[in-house]
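What follows is one structure encoded as structure tokens, with my remarks underneath.
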There are 2 protein chains.
Amino acid sequence: MSKTTLVSLAESLGVSRQTVSNVINAPHRVKPETRMRVQHAIVESGYRPSAAARQLRTRRSMNFGIRMMPVVDGINGSILDRFLHALTEAAQEEGYRVTLFCADTDAGEIRQYEELLKVADLDGFVLTGTHHGDHRTAWLLEHGIPFAAFGRPWSSIEDPFGSLHPWVDVDGGAGTEQATRTLIEQGHTAVGFLGWPGGSGAGDDRRAGWARAMRAAKLPTDSLDIQADDGVPAGAQGAEQLASKGATAVVCASDSLALGALAKLRQLHPEQASPALIGFDDTPVAAAVGLSSVSQPTEDAARHIVAVLAHQLAGSSSPHGDEEPAPERHLLLPPTLIQRTPYSFSSST
Amino acid sequence: MSKTTLVSLAESLGVSRQTVSNVINAPHRVKPETRMRVQHAIVESGYRPSAAARQLRTRRSMNFGIRMMPVVDGINGSILDRFLHALTEAAQEEGYRVTLFCADTDAGEIRQYEELLKVADLDGFVLTGTHHGDHRTAWLLEHGIPFAAFGRPWSSIEDPFGSLHPWVDVDGGAGTEQATRTLIEQGHTAVGFLGWPGGSGAGDDRRAGWARAMRAAKLPTDSLDIQADDGVPAGAQGAEQLASKGATAVVCASDSLALGALAKLRQLHPEQASPALIGFDDTPVAAAVGLSSVSQPTEDAARHIVAVLAHQLAGSSSPHGDEEPAPERHLLLPPTLIQRTPYSFSSST
DNA sequence: TTACAGAATATGAACGTTCAAATAGTGTTG
DNA sequence: CAACACTATTTGAACGTTCATATTCTGTAA
């Protein structure tokens, strides 16, 4: 039971290796009858073409890379898990594999690109955590390396849809806007926003969504906008400030902040079991404590990223008539508001 | 600036390809003078050997696979992030790459093994989530595929150190034991255990640690042992039961359970800002809410797994005198108790 | 029947590396 | 100085594909 190869399989069938190869890569070139016969033998023998040999010849590895960011907070980073899983799954379905790599900085990431392109012949990359002044996209574009980003090109945010590279992102602003609107509809007139200091792209976007909803309802936003570094303690502190300014409801830029706010609001208003509070990212923690949160369609985003990347890769090798319709190169997905009632831990449970 | 290859580099130096190859793979065979010259040229040109060509010839890909488990809870799963990051980093340092793959079931995982071995020529695998009646290890052993597991072989738990395959695990029992002891030293005599239903390997192990500490202190364990499915609500419920049985402190099998317990205990004893409570896994949530927790040395585990796997892979190709001392094939790492004071969210913050 | 076009299949070469074996170089020794 | 034992370097072949081209087959028209 030695290894099946193109040649050994061809010999045992009395055809040439190229015919077997064609059955796999260009079935239309083979007479239906032979094709069937070969296909049957392929299944029978469990033959799989060697990626290495194929890669050596075609210079394509059917493999793309994604960087593991250094673990920071983890509470928000945990959505990466879902993303990575969905990405791997989608890639697998399209016949691609996902290779991980580490880098501490963007510069380090670029160095890894060079390395991986030469050594492993990666076909492309998936970028996450795009930000202002991101050098990675420029480098990749310049070198003509296929890639797709999870995150808008914040550097040229005036016209993200005119961007040269494909990206997929979640419309955070629409999420906070909806969250705010929901709270307003529930009767709140002083909805505070608890977000990060300005300058962080995603953070500003989420803040803008809140402001839009407030303006649309002709409600004042003055002094209801708190800037706090991400984290539970800062969330508690911010919630306290907002409460003192008269806010009766709070929209947060992250679940970490919301978690702190939840604890603080409960402390301030013990009579009120379910504070009017909405977090962001729908992390496991939010689900765990029953916190309403804006949920990003991570799976959809991952799937689309793979689609865009795969289309780009396939397109470059066979520039003839398109079979598949080209997936959108720039896609802004709407998030979903997950409404929950915080667990009251009442004795009746 | 066309691609540098072994041949092009050799030509420009006036040596043969094999000499350059030797400088890379067996430097001792090359005269120091030539070696220097070649090494310099390699750096100069930024030459990197093609993984595909190498793999085709040597049948080794310097690549191992790890499965992305379906996302379940997430609150505990988030330690996977840290593990994966550390694994990738360690692998990278040893010259290996990490390929992800998905499977819903163990059987699916085995199917992927077959596929990946044939197609991508993966050199080995890292297993996570070992459990009773795990078929994966048997399959891999049977087929002679190198692998290392994160998790003891629970199926043959009588003699884990006699196991045929290498594994690394964290001594959960030692963790809960230490946690319990710490609480006892603080004066508690009725320390409850809030864990999962029996039969889950890791869960039983953690329960046993608690029981050991209690027995050692000659304290009764009757009715202080609660079995609950993982999750925040179940944690709250369990904590309430324990409180009604007179427990003044609680050790939990997971942070999810502890999080629920924390909320419940605060509700039951509002005067007591910091309930005597210890969780497990030191997840980001625990850090966020200031919950004491047993921390697994995930990074060390990952690093050791890579070491064992790399040693196994290197060993099989060069069975001569060992340079590196062989890393332990079976390793039980002690966890660390991280003590924290739950955030009180007091106005003074 | 012959010639010819088009479909179907087969053959040689190449991708970039390492292995195995051959050749050239360098002292050492009788 | 010839024979030898090493060390250092080179050469041919092979890994398993796909590309480009060549060959064979089949049917149709002259």
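Every chain is numbered from 1, with letters handed out A, B, ... down the list of sequences. All of these numbers come straight from a predicted model, not from anything done at the bench.
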| Just by distance, do the side chain of Asp123(B) and the backbone of Ser61(B) share a donor-acceptor pair under 3.5 Å? | yes

| note | DNA chain D: first to last nucleotide in contact with chain B (atom under 4.0 angstrom from a heavy atom), 5' to 3', is dA8(D) to dG16(D)

| message | Using the salt bridge (Lys or Arg N to Asp or Glu O under 4.0 Å) criterion, which residues pair with Arg67(A)? Sequence neighbours excluded. | response | Asp106(A), Glu109(A)

| said: By the 4.0 Å heavy-atom rule, please label Thr19(B) as base, sugar-phosphate, or nothing. | reply: base

| field | Whole-Å distance separating the NZ atom of Lys31(A) from the C1' atom of dG6(C) | value | 14 Å

Under 3.5 Å, which donor-acceptor pairs do the side chains of residues 142-151 of chain B form with other protein atoms, sequence neighbours left out?
{"from": "His143(B)", "atom 1": "ND1", "to": "Trp139(B)", "atom 2": "O", "distance (Å)": "2.9"}

| query | Any side-chain donor paired with an acceptor under 3.5 Å for Thr99(A) and Asn63(A)? | reply | yes

| note | Separation of dT9(C) atom C1' from Glu33(A) atom CD, nearest Å, is 13 Å

| note | Assign each of Arg57(B) and Val15(A) the nucleotide of DNA chain C bearing its closest heavy atom; nearer the 5' end lies the nucleotide of Val15(A)

| remark: Atom CD of Gln18(A) and atom P of dA7(C) are separated, to the nearest Å, by 17 Å

| For the ring pair Trp167(B) and His330(B), is the centre-to-centre distance below 6.0 Å? | yes

| note | Note: for Thr34(B) and Thr58(A) on DNA chain D, the residue whose nearest nucleotide lies more 5' is Thr34(B)

| Arg37(A) CZ to dA8(C) P: how many Å, rounded? | 15 Å

| request: Using heavy atoms to find the nearest nucleotide of DNA chain D for Gly14(B) and Arg59(B) separately, return the residue whose nucleotide is more 5′. | output: Gly14(B)

| field | Separation of dT18(C) P from Arg29(B) CZ (nearest whole Å) | value | 11 Å

| said: Could you go through Gln92(A) and Phe101(B), starting from their C-alpha distance and side-chain angles, then the distance that decides it, and tell me whether this counts as side-chain contact (heavy atoms from CB on, under 4.5 Å)? | reply: CA-CA 7 Å; Gln92(A) 206 162 285; Phe101(B) 64 95; 3.6 Å; yes

